[in-house]
Amino acid sequence: MMKQFVDVFVEEASELIDQLEASLLVLESSPSDSLAIDSVFRVMHTLKGNAKMFGFERMGELTHQLENIYDKIRSEHNIADNKVLSTTLSVVDHLRNILIDPSLKIESNKLKQKELEEKIMGIVSNKSLINSIAPTGVASQVISFDRSNAISTYYISFYPDTDLMRNGTNPSFILEDIAALGKSKINAHKKDIPAFDQLDPTGCYTYWEIYLATNKSVEEIEEVFLFVQDSAKINICRVADEDLLRNNVFLKKIEEDRQQQVLINIDELQQYVNHLLNIIRENSVDENSTTEITEQKISILKVSSDKIDLLMNLVSELVTTQARLSNISEGSNLPGLSTVSEIVEKLSRQLRDNVFSISLIPVNQLFMRFQRMVRDLSMELGKSVDFNVEGGETELDKTLIETLYDPIMHILRNCLDHGIETIEDRLKHGKPGKGKITLKAYYSGAHVIIKISDDGAGLKYERIKQKAIDKGLIGVDESIDEKELANLLFSAGFSTAKKVTDVSGRGVGMDIVKKKIEEIRGVVNIESSQGSGTSITIRLPLTLSIIDGLQIKVNDTSYIIQVTSVHKIKVVDTEQIRNCYNDLIIIDGEQIQIVNIRKEFNYNDYQEIKTHVVVVDFEGTKIGIVTDQIVGQLQAVIKPLGKFYKEQEYISGASILGDGSVALILDIKKLIYQSINLKQK
Amino acid sequence: MEEKSNVNSYLLFTLGKEIFAANVNQVLNILEMLRITEVPNSAPYMKGVINLRGEVLPVIDTRVKFGMSEIEFNKNTCIVVMDIKADGETLRVGALVDSVVVVLEIHEKDLLPVPNIGDTYKTDFISNMTQYNDQFVMVLSVDKVFSTEEIIDLKSHKQQTEKLKRDTKKKEKEQVSVT
């Protein structure tokens, strides 16, 4: 029983310690930041209380003394000087050790405890060490209000082309998807519907106006329209930064507009809304404050990750079963079955998205851990560095975050060691003495991008080239552009650092970085301009276990390729593929290089007259993938192929299809890369 | 009780004319043939993958693994699903066999040692020999057979079987002559 509570304490304490460390680092850059001092004090106080309760006496003692110091700093508006901060930071390290070794059985921990206690006593007794400098008044830090949970109201008009339904889109699904984003009011305009004798039953004559109150961004709303954006006029406009659909006056206006079938003019609407907002603000100060309180009550549950993993597995099975259901319903004439199957499909997709969002955690949890490392390392190397973190609220699958720690750590170490120059060198080149490293995360479609950039010396292409020639990676006379040279850094055993340090430069770094990132289906890229810095981009999928895929058939085997990379699909004469010169064919007047799956897998030529070509984007160029046949689109639950296929290069997993058979997930990028590389050689 | 502890059950199956045995402790179930999804660019004995109750199961052509010709499917062809241990992990694998014969209880004393034919070739893959209906049966070390990446040369094992046959006959003759 007790053990269980202690486990919870240890978990909470390590979170608190992380928080403490972050605040200390803020304090270090702006020592008079009263918010940070408060935070340090609060954490110390909580840690002290909890530690004593759960028998972590040593932790209790240390935090008790430190709490006193920070209380003094806080109440007397002093600043925390370097000595206090560096002592506290070493205490932070020590506290982490205590969590593992509470009764200090390890000798070094025991000594450390003693040393720290003495240091703290030194600070407490020597009051003069705490400078009595008056505070600079208001804290200079600007706190940005986190808007991610704030609700905005959008006006959306959705004006589909008449032939929208003919290419298989059902507009009511889109409207349902929109409705799922938040609170909505939908007005359908039906006046364009022609008289019955002129009516084409497969045409779409209705258009819609939607008011949506949601905490989602414009991009997330646009995503709903992703597949119809070419066949409809869509306008999304943010009209207010609050939930207007709670306002009765506004609802009444919408209702009136609906009855009169008025087509909204955006400018007029905006004016009306602004006017309305002014009235609301004047009248409802009280109402606002009460709603804010209710909104803050959203509580956070702690759930063990095992439970979430189990839930994910169940959802994965549900998605597979649902695929089977739609398969059966397609082949059946039972009335009502297709409707039920479509609803189940929809529900399971929503369930899937929701469950996945549970296992997403903000990358800040990862980024925080680097702050300290960068600080310590830059001190050690005698370099001065500003470390900026942006987009910490971007969310990623927890398993991805765990895997990313080592690669990013290594890249940052490289930035500090090789990228950022010494202060003297920087000044000599007319740069500010303080270097800058930025760690940034953001969404891009179905991907998350993590970018690490520095303003250091950049890559020395000449030296890389020389090294590559020495190592026999390229020939002496081989012409190679900068991009290719930069990517050579990711090959095994490549390191150009003149001096091998214990920080980086062992030559095992970047290739492992690349391998680790590829293991989680990510792509890493490096860009650099000599003299002004380097940036490394890591592109990751949002989740690992389910993809939106396109099912294709080659040699009677089903394959799945990821939809995000598909540009278009074309039916081409097999004859044209067979007779093409240099693997180039013309599609829609464009010359496109092709990769023939049958050829890559050493199968015989395809015997049918027509073949299907999938045009995908590959690093900015279009590549045609020659398949036998396109089967359709599906959600694929990725299952590992297992140890027996560990040598497999092109197949990244498998998925069970609706009919119970197995489809293989094709790693298109690798296939193209290999195919093109082989050809060049 | 004592006697029981020395008895183990074995699944007997055929590859070509040879009979093999695997300890049933490692056998999960036996499936009738179903559609196998071929995986391109893989080892010749890796036949492909199947769906085993929602999991993807790799299937090995045991005939190819033993250096025989590729399996020909007929109504007797089966997939034997087994758990094997390799590098401290348990892996699940399906083994294609020509037919399944019987599940047999074999007493420990009926398990004969593998004769040494003076060849340096590893005999790791076969743990014992035994007899069933006057035919010799090779008891497989399933873990080793399916965790290795090499193709097992069965010829040397055939020689072993023949030597064993000769030895047993000789013994029988000796016994006859003694009596």
Side-chain angles (χ1 to χ4, degrees), chain A residues 313-324 545 551-560 596-604 627 636-667 670-671 674-675 678, chain B residues 26 28-29 31-66 70 73 79-96 142-152:
Chain A
N313 284 341
L314 286 173
V315 168
S316 300
E317 280 190 34
L318 180 70
V319 170
T320 315
T321 317
Q322 173 269 314
R324 258 176 94 179
S545 42
Q551 188 189 341
I552 60 170
K553 264 202 170 162
V554 177
N555 201 25
D556 221 24
T557 303
S558 294
Y559 294 90
I560 291 167
N596 193 338
I597 298 182
R598 275 184 176 261
K599 227 185 212 166
E600 300 303 322
F601 292 165
N602 299 320
Y603 294 139
N604 298 331
T627 72
V637 179
I638 303 179
K639 309 252 173 180
L641 264 191
K643 273 268 160 78
F644 283 100
Y645 286 108
K646 60 176 186 286
E647 307 287 314
Q648 238 323 311
E649 285 181 275
Y650 307 125
I651 310 294
S652 54
S655 185
I656 311 239
L657 297 175
D659 63 0
S661 67
V662 181
L664 303 171
I665 291 160
L666 194 58
D667 190 334
K670 243 182 209 162
L671 185 75
Q674 290 283 355
S675 158
L678 283 180
Chain B
Q26 287 186 284
L28 264 103
N29 52 5
L31 307 172
E32 278 181 36
M33 257 319 284
L34 36 87
R35 214 193 116 92
I36 298 177
T37 302
E38 196 182 316
V39 180
N41 291 358
S42 48
Y45 55 83
M46 294 307 299
K47 196 75 189 170
V49 286
I50 56 163
N51 165 15
L52 178 73
R53 290 188 299 266
E55 290 304 316
V56 175
L57 182 82
V59 176
I60 290 180
D61 187 335
T62 322
R63 287 181 56 106
V64 178
K65 184 90 192 172
F66 283 116
E70 205 174 313
F73 299 119
I79 300 172
V80 181
V81 183
M82 290 183 273
D83 273 344
I84 64 154
K85 286 190 186 65
D87 302 331
E89 275 178 283
T90 305
L91 304 175
R92 190 159 291 179
V93 62
L96 276 170
V142 175
D143 291 343
K144 283 177 184 136
V145 169
F146 292 107
S147 62
T148 177
E149 278 170 23
E150 61 187 293
I151 289 181
I152 299 160

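Each chain gets a letter, A, B and so on, in the order its sequence line appears, and its residues count up from 1. Keep in mind that the numbers below use all heavy atoms, side chains included, and drop hydrogens, waters and symmetry copies.
Annotation: side chain of A:Ile651 is in contact with side chain of B:Pro40 (closest heavy-atom distance under 4.5 Å).
Using a 4.5 Å cut-off between heavy atoms, B:Leu91 contacts chain A through its side chain alone, with no backbone atom that close.
Pairing each heavy atom of B:Phe146 with each of A:Phe644, the nearest pair is O-CE2, 3.2 Å.
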Would you list the atom pairs in which one atom of chain B and one of chain A form a donor-acceptor pair under 3.5 Å?
residue	atom	partner	partner atom	Å
B:Arg35	NH2	A:Asp556	O	3.0
B:Thr37	OG1	A:Val662	O	2.8
B:Pro40	O	A:Gln648	NE2	2.3
B:Asn41	O	A:Gln648	NE2	3.3
B:Gly48	N	A:Tyr645	OH	3.2
B:Gly48	O	A:Tyr645	OH	3.2
B:Asn51	ND2	A:Gly660	O	2.8
B:Gly54	O	A:Lys639	NZ	2.8
B:Glu89	OE1	A:Lys643	NZ	2.3
B:Glu149	OE2	A:Lys646	NZ	3.2

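With A:Val662 as reference, B:Val49 is the one residue of B:Ile36, B:Val39, B:Leu52, B:Val49 to meet the side chain to side chain contact (heavy atoms under 4.5 Å, CB included) rule.
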